Amino acid sequence: MDEEKGPVNAPEFGAGEWINSIPYSIRDLRGRVVLVDFWDYTCVNCLHTLPYVAAWHRRYEPLGLTVVGVHTPEFGFAGQASLIEDAVRRFDLPYPVLVDREYETWQAYANRYWPAKYLIDVTGKIRGAHFGEGAYAEVEKAIQGLLKEREGNAEAEFPPPMEPVRAEDASGAVCYRATPEVYLGFRRGMPGNPDPQPGQAVLYKDHGQHAEGYPYLDGPWQIADEYSARPFGFSSSQVSRLHLKYMSKEVNLVIHPGTSGRAELTLLQDGAPLAAEALGEDAKEAGGRALVVIDTPRMYRLVNNPEIAGHELTIETTSDGVALYAFTFVSCLVPDQQ
């Protein structure tokens, strides 16, 4: 776990609703070791770390550890407390979670990453930080080290660090180059079409020449600041298509179903319906189609290829209002998959 250059006082938590808890302050928690975990329920890297954070809470809370999850939303809709509460239940998070909708706590910590962990000692000083996935044993050992400094814990016996929760976290697993995250709103990305028109409902024409990592739109689309959506008012015969060449094993996409609360996407890979062995967790075979049903705003797991390779994914929809936010890619293999 990365050590701070010198211990500094941990900033106080900002305003926001608290889930699973009454409001806390850093001052309230003096005398306890505190793990502050910045996360977002639409972030695939955050989701990989949550089982470890929850397990550390269960292991070490009786010995003086307090975990505080700070949910800072990457996208506007993810600041909704009800959606975060659903995620807390879905991922079985037993510790306090602060809804950091206005980024007050994020800014107080000068944080820049999802996920990010800050470890605070019994005097309220930051003693270490870790950004991203991995280093789970190192973080747990750092937690144990600070707990040993706590009064009454000097002779306490601590278990060995937990075994990897995911096979991809075990020794020997290898993560290969994957296409970087692809954003579908004009604030952080633009389609590969030659003349995109942000903010307008447009019938796009795909010219068929695609570069890796750029979305290409065909049919009716409207590009907003955070997402690209199928606009209202078009015939169901006018299909909205998005093409994306990528290099990865897994493909995930943050999706909002729109005002109707339900949407459907059809998936094709390399020009054919996504094969059964490549279906992601949220995709299913239905009448010869690879179908994804969108019923809540979240990250959806679309593709899980047997191997890491280059492919072209095509998404088709006629669901008015469905909004696509960002693709993420995962290319990790465990030894028996290589």
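Heavy atoms only: backbone and side chains are in, while hydrogens, waters and symmetry mates are out. Remember, predicted model here, so these are calculated numbers, not experimental data.
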Examine the side chains of [X] and [Y] and answer whether a donor and an acceptor come within less than 3.5 Å of each other.
X    : Y    : result
D37  : Y118 : no
Q197 : Y204 : no
R230 : T317 : no
D169 : Y52  : yes
S248 : T179 : no

Legend entry - Main-chain N/O of Y103 paired with T72 side-chain donor or acceptor, under 3.5 Å: no

Inset, instruction - Check F131, W114, Y109 against F38 for a ring pair (Phe, Tyr, Trp, His ring centres under 6.0 Å) and give me the one that passes. - result: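 So, applying the ring pair (Phe, Tyr, Trp, His ring centres under 6.0 Å) to F38 and each of F131, W114, Y109, only Y109 qualifies.
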
Inset, instruction - Drop me the distance from C175's SG to I308's CD1, to the nearest 0.5 angstrom. - result: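 The SG atom of C175 sits 8.0 Å away from the CD1 atom of I308.
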
Inset, instruction - Hey, could you give me the SG/CZ distance between C43 and F75, rounded to the nearest 0.5 Å? - result: 9.5 Å

Could you tell me whether [X] and [Y] have a side-chain N and a carboxylate O separated by less than 4.0 Å?
X    : Y    : value
E226 : R187 : yes
R301 : D282 : no
E61  : R32  : yes
K245 : E312 : no
E74  : R188 : yes
R127 : E149 : yes

Inset, instruction - Using the ring of Y300 (Phe, Tyr or Trp, six-membered ring only), decide whether R298 places NZ or CZ under 6.0 Å from its centre and within 45 degrees of its axis. - result: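 Yes, R298 and Y300 form such a contact.
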
Inset, instruction - Flag the pair I120 / I126 as yes when at least one side-chain heavy-atom distance between them is below 4.5 Å, and no otherwise. - result: yes

Inset, instruction - Give the C-alpha distance, both sets of side-chain angles, the deciding distance and a yes or no for ring-ring contact (aromatic ring centres under 6.0 Å, His included) between W18 and F13. - result: CA-CA 11 Å; W18 285 78; F13 300 118; 5.6 Å; yes

Inset, instruction - Go through R177 and E212 one step at a time and tell me if the salt bridge (charged side-chain N to carboxylate O under 4.0 Å, His left out) criterion holds. - result: CA-CA 13 Å; R177 182 192 81 82; E212 180 188 328; 3.3 Å; yes

Legend entry - Y41 ring center near H71 ring center (under 6.0 Å):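 Between H71 and Y41, which both carry aromatic rings, the centre distance is below 6.0 Å.
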
